[in-house]
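A short write-up of the structure that comes next.
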Amino acid sequence: MKKITVLLSATLLVACSEPKPMYLTVDEYPAPQAEICEMQYSPNQTQFQVWAPAADAVTLRLYAQGEGGEPEKAVQMSRCKEGLWSAQVKGDLLGRFYTFAIVQDSVAYDETPGIFAKAVGVNGQRGAIIRLADTDPEGWADDQRPALASTADAVIYEMHWRDISIADNSGIANKGKYLSLTEEAGIGRLKKLGVTHIHILPSYDYSTVDETRLDEPQYNWGYDPLNYNVPEGSYSTDPFNPLTRIREFKQMVMACHKAGIRVVLDVVYNHTVNVEGSNFHRTAPGYFHRKDSLGQWGNASGCSNETASERPMMRKFMLESVAYWMNEYHIDGFRFDLMGIHDIETMNQIAATTRAIDPQVLIYGEGWACNTPVLADSLCAMKAHAAQLDGIAVFSDELRDALRGPFWSDTQGAFLVGEAGHENDIRFGIEGGINGWAAQPQQLISYVSCHDDMCLVDRLRATKPGIKRAELIALHQLAQTAVFTSQGIPFIYAGEEVLRDKKGVHNTYNSPDSVNAIDWSRQEDYAPTLQYYSNLIAMRRHHKAFHMGDAELVRQHLHFLDSPSLTVAYQIDGTAVGDTWQQIIVVLNANKTAQTISIPAGTYTIAAKQGVLNEEGLGTIKGNTLRVAPQSAMIIFK
Ligand code: CA
């Protein structure tokens with residue numbers, strides 16, 4: 001082994017020398033008041049800091065490269081107050097890499113870039129010493145969040161970098177990269193579709209994809225977090241250069257903002273890739289992860305560990321992390337994976353912190369966990385406790401399952417395939433869950449499919465074997481008409497607008513591109529459906545009656561009409577919110593036969609019928625009954 005120069009404390013500008021405190025449990029660890037700043041570069045010296053309250057010794061190692069090679073220097077850090085260790089190293093360290101290595105109770109833990117690295121080398125094993133200002137693309141200072149009057153106005157599009165761009169016919173040059181959305185071929189589709197937000201599947205630095213082998217196709221959704229505050233390297237054009245992923249991520253955000261689209265980050269603070277390999281465990285072993293009463297790691301995530309948001313330092317970490325993404329990357333919202341693992345108090349502090357940066361920030365999450373969390377249920381941010389979650393939205397499995405069938409079976413259908421009995425759950429979703437767990441309608445995320453489980457096409461095929469193209473299209477459009485006329489926030493999975501399929505695969509988290517890629521030739525194959533989607537989205541955005549944003553208004557002005565089995569019919573009084581459509585009637589008919597609904601007498605303009613939607617009108621009807629074609633939605637107004 002090469003000899004390492006150990007800098008003695010004499011070379012340090014400041015050296016603390018606190019004695020090691022005695023802690024009986026991790027709950028006694030102190031949480032620092034100040035913001036975590038593990039690396040602060042200046043041309044003359046760089047300051048390092050790491051929180052490792054129970055460590056016996058911490059060594060800072062400096063490297064020339066992001067991976068491989070021996071350290072150029074090793075520096076013993078000194079113990080300061082509040083569990084922090086610090087070191088200052090003289091000289092210009094720009095472009096170098098660093099790690100922390102702690103020894104605790106005679107165990108030498110593996111090196112880590114710390115918990116709050118803001119730049120890393122390839123595969124995220126070492127922190128990188130950079131100036132963040134060097135990563136700002138031209139025009140970044142002028143970047144602005146697109147206007148959004150209310151979170152109730154949001155329309156969310158969930159996407160993975162490879163899915164949208166990797167196919168030969170995507171027209172995108174930067175395949176699988178952040179930069180895909182800086183190209184007109186990428187961003188143009190989203191503009192045309194009319195969504196207000198993209199929700200990007202995990203794009204912080206995750207573990208599974210080997211960033212040194214990007215010439216080989218590798219696919220992962222990214223629910224295996226490594227460095228929470230650095231963009232994933234495999235989506236950059238050069239993961240070896242720590243500046244590139246940061247700059248390209250910002251270029252992407254700027255391109256979206258220019259197109260009027262906000263960016264939501266999928267965040268997975270609820271678990272780490274594993275315990276031993278996590279930066280949390282390598283700095284404060286046992287603190288950031290929960291243990292059950294038997295001393296086993298909690299497994300609410302289904303990934304063999306769960307984090308402890310209720311502990312002060314984990315809460316502080318999450319708060320600083322979301323604020324950092326908003327301030328440094330101009331991120332506009334967060335989708336919390338398995339939010340039910342987090343505690344309510346932390347989620348509410350996150351809502352308050354992020355709203356102070358942008359009042360229209362969009363915060364939503366999965367109101368459940370994979371397994372029962374170690375934390376008491378009454379404290380967990382589960383869907384049942386949504387009313388205690390300040391303005392935080394939650395996915396509605398009620399609406400989803402009532403349309404497509406239950407989560408526990410891929411082959412069991414529901415409303416869409418003509419199974420009666422789900423109408424009330426659809427009504428629940430249409431009114432935004434306000435007669436259930438939601439305090440306000442925009443607390444409900446309205447959807448029928450997402451990256452999890454089968455996508456809608458595959459689900460329809462699995463629940464209706466032998467389904468023909470025309471019926472598939474009809475039911476697809478019927479499902480999304482329910483989603484997009486719901487008072488909740490509508491959410492679609494990328495590619496659904498062109499009837500994307502995933503070859504029937506239920507869980508495609510690491511399936512090859514051949515399964516996950518969206519085949520964009522479907523834009524032509526399913527042109528009328530694509531048009532239906534963009535018209536549906538435009539109609540929603542133009543008509544506040546579909547997203548009133550207030551539970552009381554919905555209670556007073558949205559009424560369900562009596563209608564036959566396998567139909568849901570409702571009337572909205574648009575005048576209540578100043579809508580130009582004074583009265584709106586929507587009917588969803590999942591029957592294989594036409595149905596007649598009694599409606600208030602009048603002359604109405606038809607906005608949608610038999611799979612065609614046009615806000616300008618498709619003719620008029622007069623009278624007090626409405627005949628709705630089989631397996632279709634009808635929307636009329638006056
Ligand atoms: Ca990575």
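Sequence positions, counted from 1, serve as the residue numbers for this chain. Read the numbers this way: they start at 1 and go in the same order the structure lists the ligands and their atoms.
Its N, O or S atom nearest to the Ca ion (ligand 1) is what matters here, and for E211 that atom is OE2. Closest N/O/S atom of D205 to the Ca ion (ligand 1): OD1. Taking the Ca ion (ligand 1) as reference, the nearest N/O/S atom within E232 carries the name OE1.
Of the charged side-chain nitrogens involved, none lies within less than 4.0 Å of a carboxylate oxygen, so that K503 and D458 do not count as a salt-bridged pair.
A cation-pi arrangement, defined by a distance under 6.0 Å to the six-membered ring centre and an angle within 45 degrees of its axis, is absent between R500 and W520. Under a cutoff of 6.0 Å and an axis angle of 45°, R126 and Y63 form a cation-pi pair.
Residue contacts to the Ca ion (ligand 1): Y206 brings an N, O or S atom closer than 3.0 Å.
Using the six-membered ring where Trp is involved, Y219 and H160 have ring planes that are parallel, under 30° apart on the 30 and 60° scheme.
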